[in-house]
Amino acid sequence: MQLALIVLLPFIGAVLPALMIRAGRNACAIATFTVTATALLILLVQAPRVFAGEVLHFRAEWLPSLGLDVNFFLDGYGFLFAGLILFIGLLIITYARFYLAKEDPMGRFMAFLLLFQGAMVGIVLSDNILLLLIFWELTSLTSFLLIGYWSHLPEGRQGARMALIVTGSGGLSLIGGMLLLGHIAGSYDISVIITRGDVIQASPYYIPALLLILGGCFTKSAQFPFHFWLPHAMAAPTPVSAYLHSATMVKAGIFLLGRLWPALSGTDAWFYIVATTGLATMVIGAWIALFKDDLKGLLAHSTVSHLGLVTFLFGIGTPFAALAGVFHIINHATFKAALFMNAGIIDHEAGTRDIKRLGGLVHLMPIAATMAVIAALSMAGIPPFNGFMSKEFMLEAAGHTAWFGLAFDPTVAIIATIGATFSVAYSLRYIIHVYLGPKRDDYPHQPHDPPFGMWAPPALLVVLVVLIGLFPNTIVGPLLATSAGAVIGADLPYYSLSLWHGLTPALFMSIFAVGAGYFLLTRHSRAVTFRERFYRPEAKEIFDNAVAKIVGWSRTGTWALQNGSLQRYLAAMTGMALIGGYGAYLGASSAPGSNPMLPVPALAVVGWLLLVGACAAVVILHRERLFTLVLVGVIGVIVSLGFLYLSAPDLALTQISVEVVTVILLLLALNFLPKKTPIESPMPIKARDGVLAVLAGIGITGAVYAMLRRDVDSISAFHLANAYGGGGGTNVVNIILVDFRGIDTYGEIIVLGIAALCIVALLDTAMQGASGRRIANWQVDMRRSADRHPLLLVVGTRVMLAFALVVGAYIFLRGHNDPGGGFIAGLVVAIALIMQYMASGFAWAQRRAGLDYHSVIGWGVLVAGLTGVASWLFDYPFLTSWFDYITLPIVGTFEVASAIAFDLGVFLCVVGSVMLALSRLSRVGRIAEHLDVAEGPMDVDPSLHPNGPPSETRPTSSVAAQ
Amino acid sequence: MSHWLVIPVILPALVAGILVLALRHDILLQRITSLASTAACLAVAIGLLVQAAGGAVDVYELGNWPAPFGIVFVLDRLSALMVVLTGFLALLVLLYAINGWDRRGRHFHALFQFQLMGLNGAFLTGDLFNLFVWFEVLLLASYGLMLHGSGAERLKAGTHYVIVNLAGSTLFLVAVALIYGVTGTLNMADLAVKIPAIPAADQALLQAGGVLLLLVFGVKAALVPLHFWLPATYSSTSAPVAALFAIMTKVGGYAIIRLYTLAFGADAGEAAWLAGPWLLPLALLTIIIGMVGALASRSLRWLVAFAVIGSMGTLLIAVAVFDDKAMAGALYYLIHSTLIAAALFLLAELIAERRGQDGDRLALKPMPAQGDLMSGLFFAAAIAMAGLPPLSGFIGKLLILDGVRDNASAPLIWATILITSLLIIVAFARAGSLVFWKSRTVEASRESSELATRHYPALPVVVVATLIAATALLTAFAGPTMRYLEAATDQLMRPTAYIATVLGPQPVQEPTLAASPEVSP
């Protein structure tokens with residue numbers, strides 16, 4: 001439980017600084033400090049058991065099916081890292097309290113810092129590699145926030161993004177690697193994985209897993225060629241640089257190398273990839289560091305170099321080298337964090353970090369200077385400081401490493417020595433060019449030593465640097481032994497923690513490095529000139545260009561595809577349907593159907609020719625909108641006839657009434673469209689669409705043909721058999737609609753209703769705003785009849801109305817047994833009503849109808865729905881129909897079915913929808929054409945003026961007057 | 001008998017009827033009614049989920065006609081889950097919308113309830129043609145909602161939306177006709193029984209129908225190259241509608257999962273796993289097009305819309321391998337991506353509102369009002385969408401990567417998912433850094449200072465926060481969630497009990513599961 005608590009404390013505690021900042025900066029810092037101190041305390045309590053060689057575990061189930069569980073374990077290695085993270089965390093919090101300016105939001109900073117801390121501790125204590133991945137990505141995210149903390153600085157933003165992208169992509173690679181690794185090892189638990197090195201290395205997935213994992217480690221730990229993000233991350237406030245980008249987060253990569261060392265190391269692939277990368281990084285990082293004038297830039301590249309050193313040591317693969325790596329992790333954390341804080345002090349007090357503008361600070365800042373000198377000497381690997389010892393170990397290990405596997409193979413040793421030389425040079429430069437030399441009088445600020453709170457944290461580290469150097473066995477002996485033991489997993493190799501090992505080759509390499517390093521520094525300006533002769537790839541530029549290019553390509557590509565043309569979208573869809581349909585058809589077995597071909601009567605041929613002709617005419621004449629509509633009407637009629645011919649009178653009736661209504665509504669809508677459409681597509685696009693259309697037509701024809709040529713046992717047999725007995729009717733189509741598949745019908749009438757509501761919503765909104773003004777200013781562009789509401793039409797439709805309503809009622813009532821039903825009846829009645837509206841004008845007729853068609857739709861939906869619900873009363877499912885035969889005197893025996901109530905709902909919905917649509921369209925028309933509501937049913941009403949119309953009532957529409 | 005199973009469909013329909021009939025003039029009454037109905041749907045859905053969690057499949061025979069002759073609604077773990085997800089999302093979206101959006105056009109609430117009806121119907125139905133009907137209800141209601149509030153850009157996108165989807169509906173009919181033409185049935189369980197016995201002579205027609213139907217569902221699910229309608233539609237419509245549409249793409253995904261495990265699953269003979277070879281390459285393309293598009297986007301909403309396409313690609317990849325583990329992962333990802341897409345669409349509007357004129361565009365403007373709050377929400381939502389820990393996107397991605405492991409194309413799938421993940425990270429990092437960081441370098445304008453002093457209602461922000469919190473809960477309770485989803489997958493991949501419940505005991509079935517079919521009362 002304690003283990004989980006160590007990880008959770010910083011996460012939970014992150015709330016504290018965010019709140020406590022309201023009580024002041026000190027309260028905020030103290031709260032943060034307390035959180036970290038508590039976590040550290042809990043960790044330290046475990047120390048005796050860890051040092052006794054015990055491995056502590058915490059296990060909780062999270063997502064067992066994936067293998068993701070909240071498993072933590074604490075062994076020496078984890079203890080070392082957790083201790084470093086929390087201990088240095090304490091120092092950083094103290095330092096940051098004094099470093100941050102008043103106007104910096106400290107609460108946020110401390111909260112982010114704690115979140116980061118929690119994630120980092122999570123990484124080092126995780127016993128589950130998937131859990132580790134989560135914490136891994138969390139460090140990338142928190143680091144993103146911390147680097148971008150000063151978000152007004154472009155360097156901060158760019159550095160944050162670069163770090164996120166580089167470490168984030170490493171994280172993605174790590175995801176793949178971890179999933180592979182867990183799969184090979186048969187467990188996602190690290191404590192299990194590190195015992196299965198032989199299984200893992202024998203697996204064919206070993207190499208891909210290794211590469212992917214290394215991708216994660218190398219990006220995180222800024223190994224060449226992914227090192228470039230780290231210097232740019234230095235845009236962060238210095239406490240962040242010291243903490244994340246020197247002491248902890250960048251160590252996550254090498255932590256993982258060490259953690260998985262028993263499982264992955266020891267192969268040629270491991271050696272050549274890891275050791276080479278490490279060595280290259282060490283030398284390149286050190287070389288660049290030598291030429292950085294920015295103190296933090298110098299330290300950043302030095303960090304890169306030292307991370308390379310540790311990577312190199314782990315890569316060698318021998319237990320001794322691994323031990324040396326662990327040792328250097330400790331040492332580097334101490335002197336480098338101290339140096340970063342030192343650089344922060346200089347920046348803070350002298351106002352610049354530019355080495356060229358510094359020098360002679362020893363006279364002004366003696367305390368800072370003392371610390372800097374000790375830490376930098378340790379970094380250079382000068383005795384008696386701790387850096388010397390681990391560097392000796394490194395050179396020793398390098399001396400025993402054969403690159404080509406030869407007996408005498410000094411390549412590695414030579415390169416390592418060169419790296420050490422550069423390292424000495426830049427370390428000495430930090431001392432000599434910054435602190436030594438004459439005092440200057442052009443510092444941006446007058447430098448002086450910082451307040452105690454700022455120098456105490458690095459001082460503590462510097463004390464450690466000295467103590468570890470002088471009394472290594474006392475101070476770090478046990479820690480090193482347990483932690484290295486945990487990495488190696490076997491007995492420790494022989495090593496001696498002391499400054500003097502006799503006259504070993506490593507000592508001579510070391511001496512050479514110091515001498516050569518100093519010499520190089522004395523020739524620094526010449527080295528600069530030398531370096532500037534060569535082309536140096538500027539990583540940031542390359543990176544920025546790459547990102548810009550990728551964004552550019554994605555823009556080009558995306559907008560080239562997504563060009564806003566409906567035609568293209570439909571072409572893509574049709575094309576895909578063709579590929580899918582034909583592809584699947586041709587990919588499977590088929591045989592022609594066996595139904596006999598029927599004779600073709602002449603009538604059918606005529607109908608067919610008409611249909612084909614009308615379709616072809618639409619294609620040719622589609623720019624003439626009105627004419628096209630007429631043709632569409634023709635097509636509809638022929639389709640209705642086709643239904644009739646194929647013995648589907650219900651369909652025919654429906655189709656023909658739908659045709660009528662549609663054409664009328666479309667006519668109203670067409671009024672507001674240009675009467676002709678312009679030619680928009682160039683020939684190639686027309687050709688493309690033509691080919692697609694023809695292929696699609698062939699496909700549909702083929703499918704219809706194939707289906708008509710075969711029989712299938714279908715569920716309709718059941719419908720035929722049960723329509724009368726179970727549904728109480730002889731018109732199977734109607735029984736299917738209102739009974740067998742009543743819910744389909746219910747859905748479809750709702751679709752109709754929604755369509756009408758959409759028209760209302762669309763047109764009512766369109767009447768407001770810009771489009772509303774456009775309609776209001778509409779210029780009438782067509783000649784209108786002088787007699788808008790002709791007498792004959794009015795009288796004729798009046799007569800027709802009664803007939804039509806009776807027909808509607810008749811069709812409605814007989815629907816259960818003969819062609820008809822609510823849907824068709826609704827359409828018929830709607831047509832009857834529309835005729836009235838056409839004859840006398842919508843508004844005039846509407847006043848007399850006195851119906852809001854919204855309500856009609858609402859009633860329709862409710863009546864149909866409640867009819868369905870009513871069956872619940874009798875404990876039957878929704879829409880169960882009931883019927884019985886009732887005998888009344890005079891009338892005789894007739895059937896009563898609940899389906900008729902449902903059909904009534906259908907009827908209402910249809911009438912309501914059609915009329916509502918009509919009302920809105922005609923309303924727009926009335927507004928656009930500035931028409932008043934007609935006063936009478938017809939323009940010329942003989943009954944009012946038996947002696948002929950008075951002249952002033954003559955129609956005087958503006959157009960008619962022309 | 002129990003009628004709970006039809007309530008999620010019937011209740012919104014009746015409520016919508018009342019809204020149109022009697023309440024259309026009073027917005028307050030509409031809001032109360034609409035909220036009550038949506039909350040009731042959610043409550044019923046949760047009850048159904050609890051019932052389905054037991055493992056029994058429940059069937060409701062509409063009109064009291066037995067399947068396959070009548071239409072049945074079927075409740076299993078997956079359909080229950082989808083109905084709950086719909087209810088939860090709808091309730092939150094509605095809470096967001098009543099803050100003023102619903103006034104900007106007419107009939108918002110009626111259309112919203114109809115939309116709810118269509119969604120629930122699509123998730124519950126066990127009949128292929130009935131599914132078509134729900135698709136139509138969905139399409140029309142969503143078209144109305146999409147245009148809600150109007151505007152030229154919205155009208156154009158709406159026209160594209162409705163035409164493309166009507167073309168899809170036409171294709172649906174063609175495909176259903178082909179399938180009916182050789183099987184003679186429309187009930188999905190019955191299809192599962194009939195399809196294995198389809199003779200070789202009819203296979204070509206059957207499979208052509210099957211693949212065309214896949215494409216129809218692909219139109220809804222924004223499968224490339226049928227996705228073109230989505231970005232403009234989602235980015236131009238109002239935020240609450242776009243958020244509700246987060247579940248619309250899932251209808252397509254759901255239909256694919258349902259039909260191609262049930263009717264074209266392991267037992268489908270020659271047509272077994274028909275969808276896989278078609279779906280996988282298209283899904284891979286989808287994720288690429290989506291994530292690249294996100295990177296290319298010049299406004300927040302386009303960014304989110306393309307991210308939705310990308311996430312549909314991820315989801316469909318996991319579906320396409322038709323493997324138990326991957327399917328369970330896909331279902332988890334489905335929940336995740338619905339929640340987070342909705343959150344991001346709503347958030348995009350909140351941010352845009354606080355940036356002023358053209359606030360949606362990814363151009364340099366002063367810091368949005370309530371900058372800290374907005375950036376915090378954006379950061380969390382972006383993390384979830386980009387699949388970074390600790391939110392559910394990461395878990396979903398891990399589950400999918402883990403699930404597709406055994407597929408022959410696993411390396412390709414892994415590479416595609418991981419590399420495109422990077423693209424979306426870059427896209428969100430760039431957008432967030434521009435809107436919340438770089439904006440600090442811009443002097444406050446008159447507009448921005450006016451915006452900064454304005455009062456913003458809390459409810460919409462709470463809604464967004466709730467959605468993001470839901471993804472956090474989905475992460476924390478990933479274990480129990482996955483147990484449910486694995487059980488749901490088990491029902492999907494071995495639908496014997498489903499078929500037996502819908503059709504009654506079948507003569508030829510595997511002895512293992514068919515031994516004790518649960519027949520509903």
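Below, chains carry the letters A, B, ... as their sequence lines are ordered, and counting in each starts from 1.
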Problem set entry | Among the listed options B/M482, B/Q203, B/K438, B/E486, the residue most often paired with chain A at heavy-atom distances under 4.5 Å |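 Most heavy-atom pairs within the cutoff with chain A belong to B/K438.
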
Problem set entry | Between B/K325, B/E270, B/R430, the one whose heavy-atom pairs under 4.5 Å with chain A are most numerous | B/R430

Counting heavy-atom pairs under 4.5 Å with chain B, which one of [options] comes out on top?
{"options": "A/T558, A/V547, A/L130, A/T556", "value": "A/T558"}
{"options": "A/G168, A/G865, A/G587, A/G726", "value": "A/G726"}
{"options": "A/G171, A/G742, A/G564", "value": "A/G564"}
{"options": "A/A577, A/G182, A/G67", "value": "A/A577"}
{"options": "A/I743, A/L879, A/V861", "value": "A/I743"}
{"options": "A/Y746, A/W150, A/Y582", "value": "A/Y746"}

Would you mind checking which part of [X] comes under 4.5 Å of any heavy atom in chain B, side chain (CB onward), backbone (N, CA, C, O), both or neither?
{"X": "A/R157", "answer": "both"}
{"X": "A/H719", "answer": "side chain"}
{"X": "A/L866", "answer": "both"}
{"X": "A/V869", "answer": "side chain"}
{"X": "A/L164", "answer": "side chain"}
{"X": "A/A160", "answer": "side chain"}
{"X": "A/I134", "answer": "both"}
{"X": "A/I579", "answer": "both"}
{"X": "A/S716", "answer": "both"}
{"X": "A/L179", "answer": "both"}
{"X": "A/W136", "answer": "neither"}
{"X": "A/R710", "answer": "side chain"}
{"X": "A/L180", "answer": "both"}
{"X": "A/Y149", "answer": "backbone"}

For this session: Give me the one residue out of B/L212, B/L206, B/L205 that meets side-chain contact (heavy atoms from CB on, under 4.5 Å) with A/Y585.
Result: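 Single side-chain contact (heavy atoms from CB on, under 4.5 Å) partner of A/Y585 among B/L212, B/L206, B/L205: B/L205.
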
Problem set entry | Residue among B/L226, B/V216, B/L215 satisfying side-chain contact (heavy atoms from CB on, under 4.5 Å) with A/M573 |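 Passing option: B/L226.
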
Problem set entry | Pair B/Y60-A/W872, ring-ring contact (aromatic ring centres under 6.0 Å, His included): steps then yes or no | CA-CA 13 Å; B/Y60 190 89; A/W872 292 353; 7.6 Å; no

Exercise. For the residue pair B/G63 and A/P877, what are the closest heavy atoms and their distance?
Worked result: N-CB, 4.4 Å

For this session: Would you mind reporting whether B/P390 and A/L138 have side-chain heavy atoms less than 4.5 Å apart?
Result: yes

